[in-house]
Colleague: 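Sharing a structure, written as structure tokens. Questions coming.
All values below were derived from every heavy atom in this structure, side-chain atoms included, with hydrogens, water molecules and symmetry-related copies excluded.
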Amino acid sequence: MGWIAENVESIKSMKIRDTLSQLITLGMIVSMALIIWKALMCLTGSESPVVVVLSGSMEPAFKRGDILFLHMSEAPFRAGEIVVYNVEGEPIPIVHRVVELRISVTADLLSFVGERKADQQAVHEQENTGKVDILTKGDANDVDDRGLYAYGQYWLKPQQIMGRAVGFMPYAGWVTIMMTEKPIIKYVLIGALGLLVITSKD
């Protein structure tokens, strides 16, 4: 009986060690994914190097479910390029095309209205800074994005731009869309992945 008890304890001990080992492996996989994501953020200069197109507003250029690869450079923005931007109070970024640019108008500049000479000087100084306001629009939309911006905002600021589209992968983001629209799928996939890692044999 003592021999059997010892073997049972030995088996239990091995199972615990195996489970801990698999949990550590799972933790390492998650950590590696986070490290890769952070490295991509540094390399691309974008807080979100990869985004999924969630609507058909950019068809035919990009379709729902396409994955976009982003890069953020110091080059001036140009009308016609596709950008991804954030709207204050909205959690999901928007992928649309730049349709118009203008010299950024600040409160200081507006305060000079009626004083022509000072106004001209302020405009000249603003041009030298290279700061611009940005107007965007979806290719498939009839109107520009002013209705999507924050209340009272009619132009985007450069700091709202998350990145510029430099490449894409068709339809590769449909899994993300399904997990967003039906969270139960996300939890099932995460649970299945965790179970697979924990129960897999070396």
Side-chain angles (χ1 to χ4, degrees), residues 37 40-114 118-120 122-174 176-183:
W37 184 258
L40 285 174
M41 289 174 62
C42 293
L43 290 172
T44 62
S46 172
E47 61 186 270
S48 183
V50 180
V51 296
V52 177
V53 179
L54 299 177
S55 74
S57 64
M58 279 303 294
E59 292 184 359
F62 300 119
K63 292 180 171 56
R64 190 168 189 251
D66 290 352
I67 283 181
L68 298 187
F69 301 102
L70 307 183
H71 184 266
M72 195 63 188
S73 67
E74 296 295 329
F77 290 101
R78 302 183 309 276
E81 68 177 322
I82 296 170
V83 298
V84 177
Y85 66 89
N86 271 321
V87 175
E88 185 178 351
E90 296 295 332
I92 300 176
I94 297 173
V95 181
H96 278 176
R97 191 182 301 275
V98 176
V99 293
E100 189 177 341
L101 300 165
R102 72 168 188 177
I103 298 171
S104 181
V105 179
T106 63
D108 291 338
L109 176 56
L110 291 174
S111 69
F112 287 127
V113 172
D119 187 48
Q120 289 175 344
V123 171
H124 178 67
E125 290 174 353
Q126 198 69 26
E127 286 176 342
N128 287 340
T129 66
K131 294 180 180 178
V132 295
D133 292 333
I134 302 163
L135 181 64
T136 54
K137 176 182 173 295
D139 289 359
N141 293 346
D142 295 327
V143 296
D144 59 45
D145 289 353
R146 286 189 172 102
L148 301 176
Y149 302 160
Y151 179 76
Q153 183 179 7
Y154 300 101
W155 298 80
L156 291 175
K157 298 298 182 182
Q159 56 266 31
Q160 290 180 268
I161 306 297
M162 296 173 57
R164 296 158 149 152
V166 294
F168 79 105
M169 186 180 297
Y171 306 113
W174 267 105
T176 300
I177 290 177
M178 288 189 293
M179 289 193 297
T180 301
E181 295 181 348
K182 297 182 178 179

Colleague: Which pair of non-hydrogen atoms, one from R64 and one from L54, has the smallest distance, and what is that distance?
Modeller: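 Looking at all heavy atoms of both residues, the shortest contact is NE-O, 2.8 Å.
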Colleague: When I94 is tested against each of V83, L156, L148 for side chain to side chain contact (heavy atoms under 4.5 Å, CB included), which residue passes?
Modeller: L148
Colleague: Show every salt bridge (charged side-chain N to carboxylate O under 4.0 Å, His left out) that has at least one partner inside residues 76-86, sequence neighbours left out.
Modeller: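 Qualifying pairs: E81-R164.
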Colleague: Which residues pass the side-chain contact (heavy atoms from CB on, under 4.5 Å) test with V95, not counting sequence neighbours?
Modeller: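 With neighbours one apart ignored, the set is V51, M58, L68, I82, V84.
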Colleague: Mind checking side-chain contact (heavy atoms from CB on, under 4.5 Å) for M169 and listing every partner two or more places apart, or none if nothing turns up?
Modeller: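 In terms of side-chain contact (heavy atoms from CB on, under 4.5 Å), with neighbours along the sequence ignored, M169 is linked to I67, F69, A172.
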Colleague: Report yes if some heavy atom in the side chain of L70 is under 4.5 Å from a heavy atom in the side chain of P49; otherwise report no.
Modeller: no
Colleague: Quick check: are there more than 12 heavy atoms from other residues, nucleotides or ligands sitting under 6.0 Å from CD of E88?
Modeller: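 Result for CD/E88: open.
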Colleague: Any chance you could lay out the side-chain contact (heavy atoms from CB on, under 4.5 Å) test for L135 and R146, step after step, and finish with the verdict?
Modeller: CA-CA 8 Å; L135 181 64; R146 286 189 172 102; 3.8 Å; yes
Colleague: With side chain to side chain donor-acceptor pair (under 3.5 Å) as the rule and sequence neighbours excluded, what pairs involving residues 44-55 come up?
Modeller: S55-S57
Colleague: At their closest point, which heavy atom of P91 faces which heavy atom of G89, and how far apart are they?
Modeller: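 Nearest heavy atoms, P91 then G89: CD-O, 4.0 Å.
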Colleague: Decide yes or no for W155 and I134: does some side-chain heavy atom of the first lie under 4.5 Å from some side-chain heavy atom of the second?
Modeller: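 No, their side chains stay 4.5 Å or more apart.
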Colleague: Name all residues meeting the side chain to side chain donor-acceptor pair (under 3.5 Å) criterion together with D145; count only those two or more places apart in sequence or in a different chain, and write none if there are none.
Modeller: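 Side chain to side chain donor-acceptor pair (under 3.5 Å) list for D145, sorted by chain: Y85, H96, T136.
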Colleague: Q153: which residues meet the side chain to side chain donor-acceptor pair (under 3.5 Å) condition with it, sequence neighbours left out?
Modeller: Q160
Colleague: Once you round to the nearest 0.5 Å, how far does CZ of R97 lie from CG of D139?
Modeller: 4.0 Å
